[in-house]
Asks: 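Just passing along the structure, written as structure tokens.
Both backbone and side-chain heavy atoms feed into the values below; hydrogens, waters and symmetry mates do not. We name chains A, B, ... by the order of the sequence lines, and we start the count at 1 in each one. It should be emphasised that the depicted structure is a prediction, and the values quoted were computed from it without experimental measurement.
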Number of protein chains: 2
Amino acid sequence: MGQIEDLRLLVVIVDCGSISKAAAQLRIAKSAVSRRLGLLEDRFGTVLINRQPGMWRITDTGKELYQRAVGVVGDVDEITADFAQTSQTIEGPLSISVPQEFGIVFLRRFLIEFSLRHKNIQLQIEFDNRPVNLARENYDFAIRVTLQMENDTNAKHIGETRHRLYASKSYLDENTAPTSAQELKNHPLLNYGGAKRAEWEFLDDKGKPVIVAFKPVMSSNSGVYLADAARSGLGIVRLPDFVGQPACARGDLIEVLPDLKQAPLKIYLIHSEKRRLNRRMRIFAEEMTVECSNQTGVQNRW
Amino acid sequence: MGQIEDLRLLVVIVDCGSISKAAAQLRIAKSAVSRRLGLLEDRFGTVLINRQPGMWRITDTGKELYQRAVGVVGDVDEITADFAQTSQTIEGPLSISVPQEFGIVFLRRFLIEFSLRHKNIQLQIEFDNRPVNLARENYDFAIRVTLQMENDTNAKHIGETRHRLYASKSYLDENTAPTSAQELKNHPLLNYGGAKRAEWEFLDDKGKPVIVAFKPVMSSNSGVYLADAARSGLGIVRLPDFVGQPACARGDLIEVLPDLKQAPLKIYLIHSEKRRLNRRMRIFAEEMTVECSNQTGVQNRW
DNA sequence: CCTTACCGTTCGAATAAGGAGAACCTGTTG
DNA sequence: CAACAGGTTCTCCTTATTCGAACGGTAAGG
């Protein structure tokens, strides 16, 4: 029989202080318990438990083995609990840090549906615009939307999105639309972020980066607000798809220079390296991955 | 099959990157490997490895499980290595801190014979008179001889010895031997230790402690030296059995007040709690225990 | 002193688990 | 297109493991 099962047997016997009781607890015949303990002792070539009638005493070696066995058996049980689907439903707390706009626009539906699917999960969603420190603050997961992530084993690339340029119809009626990245400088530009000077990076036909540096007429760390501003005709704005596309669909904004290539924004699901994935975390990660694949078309060929 | 064996299977498969290779390495039919992996996936209700022909990719869940499995499988292997008698001979370094005189007198023979029995053990014996810090200095074991040990799970009571009073024949010829503990004060006393004032504790008939405080005419942290001093007729010395008995047997010293009761000295074998017992440490501890039982008569009824 | 209760071991019979090997499917390669 | 490599599935078979009953021993209690 398996090594772990033998160790577990020893643990139960020691805990029960008797072979009979151990057999009762394990719901197997005591003969089996006796025999397996004997086999274990044979394998280790030592007496683990001294059990002459009337004297029941664990050997020093037995004690030592017991100590170690308890640890490793506990580990295995933990793994089993985290991976086996003993109960179909998952439960417990789950805390996630999500970038404000991405979360609200892109994930709102998913998070609500996830919550409905798993009613016993207490989902705590923190909307943050600054990257949170996963190790210090106690989040299970965080989502990052950046150009490129430093190689992190705890980061999973779950999707992509991209920036596009938008302006309102009224603006485009009153101004001649730009025909190249360079011409953008002649337009009032709205920038996501707080810097006084900003840079937008595009890719030319050969994939080389073209950088447009400018002073934004308006800055904000809210893409939705910028979209609204652009809708009022303030100028041209660069927005990630999950903000721009809905506005575009509503007719609020019109895409400018749609053929201009831009490096994709990558979406990562990250989790603290210290924290091990339990079942509910795994399921969240899985469903999240599927959701993002569906929405962004990133094939996760498993 | 056992849980650990399944986890080990997963580890091997992942390491090999293929079911066929894993089967080859494990020297079992690949059908068995395939079946067991399938069973494992069933049990966990997840796909661990996606293995359509031409596409072999470990699932995220699989990766996570693999990480954990590696750890616990390693633990089990370590336990097996430390306990199973794969090879009858033990080998490797073994370092012990022993009190000077106890070690030399009481253990010399045992340590030499142990070394002869296990020729592949590099036995390093440090004779110390001060208790060493097991955690800081890197000893496998240390031996302590004290009246009473604070309750330490890492301390094993392996034997007992006791103090006795001795004097030389010449001294007893020239002086009247004491007839009670109190009368000791009228004699020159030799004390083990460095203090200017010393106390010896005895037990009266009812087991109550009787304390004799005195200024020793000679102090030393070497019992053998004190024995030699007493042999020259300096006075009465209190020595543990392992120093006094040989001297007595040689006729160098004669026991004084043999009926006076004294609290037994307990002999402990201790090891660092941080360090786990491996096979050679366990065997040393066992043989040491047996040796001490034989010499001191402390029954270790297992 | 004998009885009852409890414990652990041993034995043969019943059973369940794991492995072998062939047939099969499916992409890949030359 | 054929050979090949990798994985799956099926049946058969060997083995390990369990069960239950019988046995021997100790301890407590009338």
Asks: Can a side-chain donor-acceptor contact be found between A:His118 and A:Glu113 if the only test is distance below 3.5 angstrom?
Replies: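 Per modelled atom types, A:Glu113 and A:His118 side chains form no pair under 3.5 Å.
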
Asks: Could you give the CD-to-P distance, from A:Glu5 to C:dA17, as a whole number of Å?
Replies: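 Going from CD in A:Glu5 over to P in C:dA17 covers 13 Å.
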
Asks: Rounding to a whole Å, what distance do you find between B:Leu48:CG and D:dG7:C1'?
Replies: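 Result: 16 Å.
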
Asks: For A:Gln52 and D:dG25, what is the distance between atoms CD and P respectively, to the nearest whole Å?
Replies: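 Distance check: A:Gln52 CD to D:dG25 P gives 13 Å.
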
Asks: With sequence neighbours excluded, give me every side chain to side chain donor-acceptor pair (under 3.5 Å) pair touching residues 62-74 of chain A.
Replies: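 Passing the test, one end in residues 62-74 of chain A: A:Asp15-A:Tyr66, A:Arg68-B:Asp82.
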
Asks: Could you list the residues that satisfy salt bridge (Lys or Arg N to Asp or Glu O under 4.0 Å) with B:Asp75, not counting sequence neighbours?
Replies: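 With sequence neighbours excluded, B:Asp75 shows a salt bridge (Lys or Arg N to Asp or Glu O under 4.0 Å) to no residue whatsoever.
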
Asks: Given atom CZ of B:Arg57 and atom C1' of D:dG6, what is their separation to the nearest angstrom?
Replies: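 Spelled out: CZ on B:Arg57 to C1' on D:dG6 is 17 Å.
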
Asks: With B:Glu5, which residues qualify under salt bridge (Lys or Arg N to Asp or Glu O under 4.0 Å), at least two apart?
Replies: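 Result, salt bridge (Lys or Arg N to Asp or Glu O under 4.0 Å) vs B:Glu5: none returned.
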
Asks: Once salt bridge (Lys or Arg N to Asp or Glu O under 4.0 Å) is applied, do any residues pair with B:Glu286, and if so which ones, sequence neighbours excluded?
Replies: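 Listed in chain order: nothing, the list is empty.
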
Asks: In this structure, how many angstroms lie between the C1' atom of D:dA16 and the CZ atom of A:Arg43, rounded?
Replies: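 Checked: the CZ to C1' distance equals 14 Å.
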
Asks: How does protein reach along nucleotides 3-12 of chain C, written 5' to 3' as B (base within reach of a heavy atom under 4.0 Å), S (only sugar-phosphate), or - (no contact)?
Replies: ----SBBB--

Asks: Figure out the CG/P separation between A:Leu26 and D:dT18, and round it to whole Å.
Replies: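 So the CG-P distance, A:Leu26 to D:dT18, works out to 10 Å.
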
Asks: Specify the separation, in whole Å, of atom CD1 of A:Ile28 and atom C1' of C:dT15.
Replies: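 So the two atoms are 15 Å apart, to the nearest Å.
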
Asks: Could you state the CG-P distance from B:Leu39 to C:dG19, rounded to the nearest angstrom?
Replies: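 That distance rounds to 11 Å.
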
Asks: Give every residue pair that meets the side chain to side chain donor-acceptor pair (under 3.5 Å) criterion with at least one member in residues 17-30 of chain A, sequence neighbours excluded.
Replies: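 Passing the test, one end in residues 17-30 of chain A: no pairs.
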
